[in-house]
Amino acid sequence: MEPSDNVIPYPGHTADMADPPRDEMRHYVGRDLLAGRRALITGGDSGIGRAVAVAFAKEGADVAIAYLQEDEDAAHTASLVSAAGRRCVLLPGDLADAGHCATVVSRTVGELGGLDLLVNNAAYQAPRQSLSEISDEQWRRTFAVNIDSFFRVTKAALEHLPDGAAIINTASVNGLRGNKTLIDYSATKGAILAFTYALAQSLADRRIRVNCVAPGPVWTPLIPATMPQDKVESFGGHTPLGRPAQPDEIAPSYVFFAADLLSSYYSGEVLSPLGGETLPG
């Protein structure tokens with residue numbers, strides 16, 4: 001990503017944020033909803049991914065987290081998982097690379113002894129004022145990370161996921177309504193929604209549930225790392241609640257979709273935490 005007036009350097013590190021997000025699930029109390037499960041979470045070093053990793057650990061799951069290069073953030077996530085009494089495997093590397101997508105799955109299975117839950121959460125965005133400003137390189141990068149990796153990681157995981165497993169994809173409100181400064185990002189998030197619907201139908205005979213969380217604005221390192229100061233200062237202010245969500249507020253949605261006790265009859269569903277905003281349809 002070329003230099004810009006973003007608040008912190010891409011891909012964003014929690015330590016660089018003047019106002020760090022709440023993403024440690026400090027007040028969350030688990031009740032063994034995921035006892036003995038093994039989860040792979042892409043984009044798991046910080047933000048929503050970190051909160052999901054810690055919530056899963058508090059519910060009894062071991063986790064592997066795939067991330068680009070944010071080693072300090074990933075190490076902190078691992079320490080939070082360990083503090084919850086569970087294992088955490090760290091898997092750095094670029095999920096835009098097809099080979100790495102297969103590697104994170106094989107390493108997860110090898111180090112955790114299997115795979116029961118998959119959370120496709122990795123994402124890239126680079127706001128542009130018009131379509132003409134989006135280069136072919138950026139378009140391909142956005143699709144490679146945001147939807148190609150979902151396809152590749154899921155395809156590799158299906159060789160290991162048992163019948164009755166769960167897959168959870170992260171989309172966005174921008175995939176539901178579009179965003180004029182995030183055209184490529186919105187297109188990938190719309191693709192994730194359709195991918196979720198189709199895959200849920202495809203895997204119904206294996207009882208593998210496939211669902212999606214499509215949040216509105218969430219305060220994560222990606223925001224100041226990809227937006228200028230004025231956009232960061234007003235981020236989330238348009239919602240009826242007047243603020244962005246914290247990752248800790250979003251992670252329970254993933255627990256809901258992962259836990260058979262809570263969502264055994266849910267597949268092909270999209271849960272959209274939007275801070276009080278309503279959408280038609």
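In this chain, residues are counted from 1 in sequence order.
Atom CD of residue E59 and atom CG of residue L33 lie 4.0 Å apart, to the nearest 0.5 angstrom. To the nearest 0.5 Å, atom CG of residue L203 and atom OG of residue S267 are 8.0 Å apart. Between the CZ atom in R152 and the CG atom in N120 there is a gap of 12.5 Å [rounded to 0.5 Å]. Rounding to the nearest 0.5 angstrom, the gap separating the NE2 atom in H76 from the CD atom in E70 is 14.5 Å. Separation of atoms OG (S130) and NZ (K180) is listed at 11.5 Å; rounding is to 0.5 Å. Atoms CD1 and OG, on I183 and S132 in that order, are 8.5 Å from each other to the nearest 0.5 Å.
For R177, the CZ atom counts as densely surrounded, since its 6.0 Å shell holds more than 12 non-hydrogen atoms of other residues, nucleotides or ligands.
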Let's go through I65 and L91 carefully: what are the C-alpha distance in whole Å and the side-chain angles of both, what is the deciding distance for side-chain contact (heavy atoms from CB on, under 4.5 Å) to 0.1 Å, and is it a yes or a no?
CA-CA 6 Å; I65 57 171; L91 303 170; over 6 Å; no
Audit row: N121, I48, side-chain contact (heavy atoms from CB on, under 4.5 Å) steps and yes/no
CA-CA 8 Å; N121 176 67; I48 292 174; 4.0 Å; yes
Given the rule in the side-chain contact (heavy atoms from CB on, under 4.5 Å) test, do T154 and F195 qualify, once you have shown the distances and angles that lead to the verdict?
CA-CA 11 Å; T154 301; F195 180 63; 4.2 Å; yes
side-chain contact (heavy atoms from CB on, under 4.5 Å) between V153 and L118, intermediate numbers included:
CA-CA 9 Å; V153 171; L118 172 61; 3.7 Å; yes
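The shortest non-hydrogen separation linking D116 to G36 is OD2-O, 4.1 Å. Between P273 and A214 the shortest heavy-atom distance is CD-O, 3.9 Å. For the residue pair L193 and A171, the shortest heavy atom distance occurs at CD2-CB, 3.8 Å. Counting all heavy atoms, side chain and backbone alike, G216 lies closest to L274 at N-CD2, 3.4 Å. Of all heavy-atom pairs spanning P21 and P247, the tightest one is CB-CD, 3.9 Å. Residue A258 comes nearest to R37 through the heavy atom pair O-NH1, 4.1 Å, listed as atom of the first residue, atom of the second, then distance.
A salt bridge links R209 to D260: one of the charged nitrogens lies within less than 4.0 Å of a carboxylate oxygen. In summary, R86 and D62 engage in a salt bridge, as defined by a charged side-chain N under 4.0 Å from a carboxylate O. Taking a cutoff of 4.0 Å between a charged side-chain nitrogen and a carboxylate oxygen, R206 and D163 qualify as a salt bridge. Here D148 pairs with R140 in a salt bridge; the nearest charged N to carboxylate O distance falls below 4.0 Å. Of the charged side-chain nitrogens involved, none lies within less than 4.0 Å of a carboxylate oxygen, so that R38 and E111 do not count as a salt-bridged pair. Looking at R50 and D248, no side-chain N of the basic residue comes within less than 4.0 Å of a carboxylate O on the acidic one, giving no salt bridge.
Under a hydrophobic-cluster definition in which Ile, Leu, Val, Met, Phe, Trp and Tyr are linked whenever side-chain heavy atoms come within less than 4.5 Å, directly or via other members, F257 and I41 are assigned to the same cluster. There is no path of hydrophobic side-chain contacts, each under 4.5 Å, that joins L161 to V52. Tracing side-chain contacts under 4.5 Å through hydrophobic residues (I, L, V, M, F, W, Y), one never reaches V105 starting from I168; they form parts of separate clusters. Clustering ILVMFWY residues whenever any of their side-chain heavy atoms sit less than 4.5 angstrom apart, transitively, puts V104 in the very cluster that holds V109. Placement of V89 and V81 in two distinct hydrophobic clusters is found when ILVMFWY residues are connected by side-chain heavy-atom separations under 4.5 Å, directly or transitively.
When ring centroids are compared, Y254 and F56 stay outside the 6.0 Å threshold.
Within the 4.5 Å cutoff, side-chain heavy atoms of F256 are placed close to those of Y266. L95 is not listed as a side-chain neighbour of V145, based on a closest heavy-atom distance of 4.5 Å or more. Residues H27 and R22 form no side-chain contact, since every pair of their non-hydrogen atoms from C-beta on lies 4.5 Å or further apart. Residues I192 and F150 are in side-chain contact: their nearest non-hydrogen atoms beyond the backbone lie under 4.5 Å apart. In this structure, S272 and L176 have side chains that are in contact, with non-hydrogen atoms separated by less than 4.5 Å. Within the 4.5 Å cutoff, no side-chain heavy atoms of V63 are placed close to those of T77. Residues D71 and P92 are in side-chain contact: their nearest non-hydrogen atoms beyond the backbone lie under 4.5 Å apart. Between Q138 and D184, the closest side-chain pair of non-hydrogen atoms falls below 4.5 Å.
Ring geometry for W219 against F235 counts as tilted: the plane angle lies between 30° and 60°, on a 0 to 90° scale.
S202 contributes no side-chain N or O that, together with a main-chain N or O of A198, makes up a donor-acceptor pair within less than 3.5 Å. The closest donor-acceptor contact from the side chain of T42 to the backbone of A122 lies under 3.5 Å. Between the side chain of S106 and the backbone N or O of T103, at least one donor-acceptor pair lies under 3.5 Å. Without hydrogens or angle criteria, K58 side chain to M25 main chain gives a donor-acceptor distance under 3.5 Å. Under the 3.5 Å distance criterion, the side-chain polar atoms of D32 are left unmatched by any main-chain donor or acceptor of A35. Side chain of D45 to backbone of Y67: no donor-acceptor contact under 3.5 angstrom is found. For E133 (side chain) and Q129 (main-chain N/O), a donor-acceptor pair under 3.5 Å exists by modelled atom type. The closest donor-acceptor contact from the side chain of N211 to the backbone of G268 lies under 3.5 Å. A donor-acceptor contact shorter than 3.5 Å is absent between the side chain of Q125 and the backbone of A123.
In this structure, a donor-acceptor pair under 3.5 Å is present between the side chains of T196 and N169. A side-chain N or O of T188 and one of N146 form a donor-acceptor pair less than 3.5 Å apart. With no hydrogens or angles considered, no side-chain donor-acceptor pair links Q246 and D23 at under 3.5 Å.
Under the ring-ring contact (aromatic ring centres under 6.0 Å, His included) criterion, F143 pairs with W139, not counting sequence neighbours.
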